[in-house]
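Values reported hereafter were calculated over all heavy atoms of this structure, with side chains retained and with hydrogens, waters and symmetry mates removed.
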Amino acid sequence: MKIILQILIFLSFLGCSNVNNLSKHLPSVILDVQQDKYSLILKHYFYKNFQNYNKDLAKFIVKTKLTFNTSNALSNNGSNNLKIIKGIVDFKIFNSSNSQIIKSDSISSSINAGNVSSLYSIDENNNFVKERLSKYLASKLYKKILLNLKYSEN
């Protein structure tokens, strides 16, 4: 009886661990960005996610334009002025073989920049916020492109 119980437990572990691991290779994506600091950060973090591609599949070109907008907002008590920095990535996905536009869209995200007093701190805070927005928008762009490429292949 004890041996049968041990065999059943062993078989249940084998049955639960039978997971199919399929590693699908992604098509080659070329990200075309502007040559400024934050666009290059966007490109770096995009390619950090997009490591695996198949050279036999179709190639896609993604043209992007990264912009930032700053607006003022009031804090809860109304005494401090806060800044909200919004990052917007406009992108177009092209099929490189026939230059056909697959998708044209934009992604945005915003961050509260807070209130700082010195001029140096304001500049450093704005740079840090824009870097964080670029990194976050790169991951959102990566996910959006994966969804669009998946539906364009079907």
Inset, instruction - Any chance you could measure N126, atom CG, to T70, atom OG1, to the nearest 0.5 Å? - result: 6.5 Å

Legend entry - Transitive ILVMFWY side-chain link I84 to I122, under 4.5 Å: no

Inset, instruction - Drop me the distance from L40's CG to H44's NE2, to the nearest 0.5 angstrom. - result: 11.0 Å

Legend entry - Side-chain donor or acceptor of S39 paired with backbone N/O of Q35 under 3.5 Å: no

Legend entry - Side chains of L133 and I85 in contact at under 4.5 Å (non-hydrogen atoms): yes

Legend entry - F68 ring center near Y38 ring center (under 6.0 Å): yes

Legend entry - Option among V89, L137, I88 that satisfies the side chain to side chain contact (heavy atoms under 4.5 Å, CB included) test with S109: L137

Legend entry - Point-to-point distance, once rounded to the nearest 0.5 Å, from CZ of F91 to NZ of K63: 15.0 Å

Legend entry - Gap separating the NZ atom of K83 from the CG atom of N112, nearest 0.5 angstrom: 11.5 Å

Inset, instruction - Report yes or no: do Y142 and Y45 belong to one cluster of Ile/Leu/Val/Met/Phe/Trp/Tyr joined by side chain heavy-atom distances under 4.5 Å? - result: yes

Legend entry - Backbone of A113 reached by a side-chain donor or acceptor of N125 within 3.5 Å: yes

Inset, instruction - Look up atom CD1 in I107 and atom NZ in K144, then write down how far apart they are to the nearest 0.5 Å. - result: 6.0 Å

Legend entry - Minimum side-chain heavy-atom gap N72-L82 below 4.5 Å: no

Legend entry - I102 vs F94 side-chain heavy atoms within contact, under 4.5 Å: no

Inset, instruction - Return yes when atom NZ of K92 has more than 12 non-hydrogen atoms of other residues, nucleotides or ligands closer than 6.0 Å, and no otherwise. - result: no

Legend entry - Other residues, nucleotides, ligands: >12 heavy atoms within 6.0 Å of K37 NZ: yes

Inset, instruction - Dump the intermediate steps for side chain to side chain contact (heavy atoms under 4.5 Å, CB included) on T67 and K65, then the final yes or no. - result: CA-CA 7 Å; T67 57; K65 181 181 178 189; 4.0 Å; yes

Legend entry - Side chains of V29 and F46 in contact at under 4.5 Å (non-hydrogen atoms): yes

Legend entry - Student check: side-chain heavy atoms of V33 and L42 closer than 4.5 Å: yes

Legend entry - CG on L66 to NZ on K43, rounded to 0.5 Å: 13.5 Å

Legend entry - Min side-chain heavy-atom separation L141-T64 under 4.5 Å: yes

